[in-house]
There are 2 protein chains.
Amino acid sequence: MMPVPLSPLHEAIHKQTAKEMIRDKIVSLIASGILQVGDELPSERELASMLMVSRETVRGAVQRLAGEGIVQVSQGARTRIANVNVDVGGQRIGVTNPTSINGYSLDAVHAARLLVETAVVADAAKHLSTEDIKRLEESILVQEQACNDPVRFLICDREFHLTIYYASENRLLADFVVDLYTYMLDHRRIAMGKPGAIEKSLEDHRFIVRALKMRNPEAVSAAFSEHILRIHDTSLAVDADGAGFKPAPASWGNEKEPA
Amino acid sequence: MMPVPLSPLHEAIHKQTAKEMIRDKIVSLIASGILQVGDELPSERELASMLMVSRETVRGAVQRLAGEGIVQVSQGARTRIANVNVDVGGQRIGVTNPTSINGYSLDAVHAARLLVETAVVADAAKHLSTEDIKRLEESILVQEQACNDPVRFLICDREFHLTIYYASENRLLADFVVDLYTYMLDHRRIAMGKPGAIEKSLEDHRFIVRALKMRNPEAVSAAFSEHILRIHDTSLAVDADGAGFKPAPASWGNEKEPA
DNA sequence: TTTAACTGGACTACTTAACAGTCCAGTTGT
DNA sequence: ACAACTGGACTGTTAAGTAGTCCAGTTAAA
């Protein structure tokens with residue numbers, strides 16, 4: 001989330017060219033569902049000015065993205081630039097390692113969510129505005145219509161969750177939770193392919209909104225707790241390559257590595 | 001700790017030369033108390049090889065640091081390289097904004113610590129090795145001797161805390177807590193100047209070790225909770241420019257800024 | 001239909017960061 | 001006295017990024 005750049009002196013400096021940074025930025029925007037299939041990128045000149053780099057640099061980044069098949073320069077013509085492809089030739093964007101996320105175990109991420117997220121949403125329950133709740137209810141309607149489109153559903157899911165998180169007054173913890181949520185995106189996208197997964201999530205969301213409307217922090221906490229545990233179950237099921245469901249440990253768990 | 005690079009597209013690319021990165025790395029190492037006054041940096045050639053950059057680049061970074069007065073090239077002679085200065089001409093290194101840390105309010109940081117740190121140390125209590133506990137007890141002895149030297153005490157303090165944090169099996173949360181702790185360092189360094197502050201901390205540490213030896217997670221949690229609250233009190237007192245102590249809110253609190 | 005404002009493609013000349021290598025004078029510890 | 005270091009100071013080279021220009025095609029409004 002919000003790193004003190006406290007890497008030890010013996011660690012190599014990580015240099016990155018501007019091209020790479022731009023490329024990665026766009027990739028992460030796609031991987032997180034903010035940029036979706038068919039979206040147009042701003043023009044090269046526009047990107048250059050908003051990223052504070054020269055146009056050639058933007059060109060380089062975009063051309064590399066095109067080379068990787070991640071964006072498409074619109075067919076034939078030369079106007080406009082790129083259409084985002086979420087998956088290209090079966091290869092999905094983003095790092096998807098089924099048993100670890102950014103070097104942390106899935107269990108560790110889930111344990112962290114269970115601890116922090118329940119606290120954050122409990123606080124959010126106290127501060128959610130009526131407009132926020134209205135937005136959440138509308139979001140549910142949209143989600144219902146997106147039931148058959150995992151990608152679209154995930155985008156709604158993201159907006160739904162973030163609306164709640166950022167209602168908390170502790171922005172530090174909210175940011176942290178958003179990071180945890182974002183880490184899970186790849187896993188969730190796979191899990192969403194399972195039959196019934198979307199409906200289950202939707203059901204959880206409805207339950208959460210009911211608890212929020214009652215402005216009952218404990219109920220909201222409990223609802224999220226269940227929601228997270230269900231997600232954990234699904235993730236594990238995905239890791240196990242389909243079949244069986246393991247029970248949720250809800251405990252800690254991670255490879256140790258003391259200072 | 002562990003950033004999802006999810007910056008919006010309209011945000012400028014943050015280019016940084018290798019020189020700047022090396023400079024910042026060293027500065028942060030000083031600001032966090034890992035590098036202290038009088039410490040020697042490795043030789044230019046050594047730094048170059050461990051940072052995977054050319055010697056010229058290291059030279060540039062070090063020379064800039066020397067120019068800023070942050071490190072000193074050893075007097076007269078030309079052997080060895082630099083001595084770290086924690087404060088230069090009264091100006092201390094690192095960002096010290098008394099009412100916010102990295103854009104987060106002090107209250108938010110304390111609330112986060114209260115929530116996550118107590119959980120992490122409770123887990124740590126279950127997994128601390130006997131050698132770890134022995135190290136902690138030795139650390140207490142060193143701390144007693146460092147009572148009159150705030151900087152030295154803080155370094156011991158850091159080692160003490162990190163030893164406990166990383167005994168937890170959830171490395172994600174442990175990393176998070178370490179970040180929170182590190183954020184506080186500047187504030188703590190100021191607070192440590194207050195008479196009795198060091199002794200109070202030391203007393204807390206003794207209490208924590210006792211709880212750890214009993215391997216009682218709840219007791220450890222409670223001990224840390226008190227410790228954190230005391231630190232919060234002291235920080236607030238510092239913010240108020242000396243004088244009175246305010247009671248610890250222990251609540252959330254942060255400027256809101258929804259997505 | 002004409003026209004003005006866009007788009008991306010392509011190319012130039014220039015600046016700068018970083019690299020790799022060398023040589024030197026002084027300091028250290030054996 | 002010696003070998004093994006240190007930082008200082010050069011060199012030439014490579015690659016990234018900048019700033020500018022010109023062009024051909026598209027788009028939408030006049």
Would you please confirm or rule out a distance under 4.0 Å between OP1 or OP2 of [N] and any side-chain N or O of [X]?
| X | N | answer |
| --- | --- | --- |
| B/S43 | D/dC5 | no |
| A/K15 | C/dC19 | yes |
| B/K19 | C/dA17 | no |
| A/R59 | C/dG9 | yes |
| B/T17 | C/dA17 | no |

Want to settle it: does B/M52 or A/E56 sit nearer the 5' end of DNA chain C, counting the closest nucleotide to each?
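Upstream on the strand: A/E56.
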Do [X] and [Y] have side-chain N/O donor and acceptor atoms under 3.5 Å apart?
| X | Y | answer |
| --- | --- | --- |
| A/Q143 | A/S139 | yes |
| B/E117 | B/Y165 | yes |
| B/Y166 | B/D132 | no |

Find the distance [X]:[atom1] to [N]:[atom2] and express it as a whole number of Å.
| X | N | atom1 | atom2 | result |
| --- | --- | --- | --- | --- |
| A/Q63 | C/dG9 | CD | P | 6 Å |
| A/E46 | C/dC6 | CD | C1' | 11 Å |
| A/R64 | D/dG17 | CZ | P | 12 Å |
| A/I22 | D/dG17 | CD1 | P | 8 Å |
| A/L51 | D/dT18 | CG | P | 11 Å |
| B/L47 | D/dC5 | CG | P | 16 Å |

Any donor-acceptor N/O pair under 3.5 Å between D/dC5 base and B/E44 side chain:
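By the distance-only test, no, there is no pair.
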So, under a plain 3.5 Å distance rule, would you say the side chain of B/R55 forms a donor-acceptor pair with the base of D/dG8?
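For B/R55, whose side chain was compared with the base of D/dG8, there is a donor-acceptor pair (under 3.5 Å).
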Given that A/R45 and A/Q16 both sit by DNA chain D, which one's nearest nucleotide is further toward the 5' end?
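Closest to the 5' end, via its nearest nucleotide, is A/Q16.
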Mind checking whether B/M21 and B/L51 have side chains closer than 4.5 Å, heavy atoms only?
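No, side chains not in contact.
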Test item: B/V177 and B/R113 side chains (from C-beta on) under 4.5 Å apart, heavy atoms
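When only atoms from C-beta onward are counted, B/R113 and B/V177 do not touch, as no gap falls below 4.5 Å.
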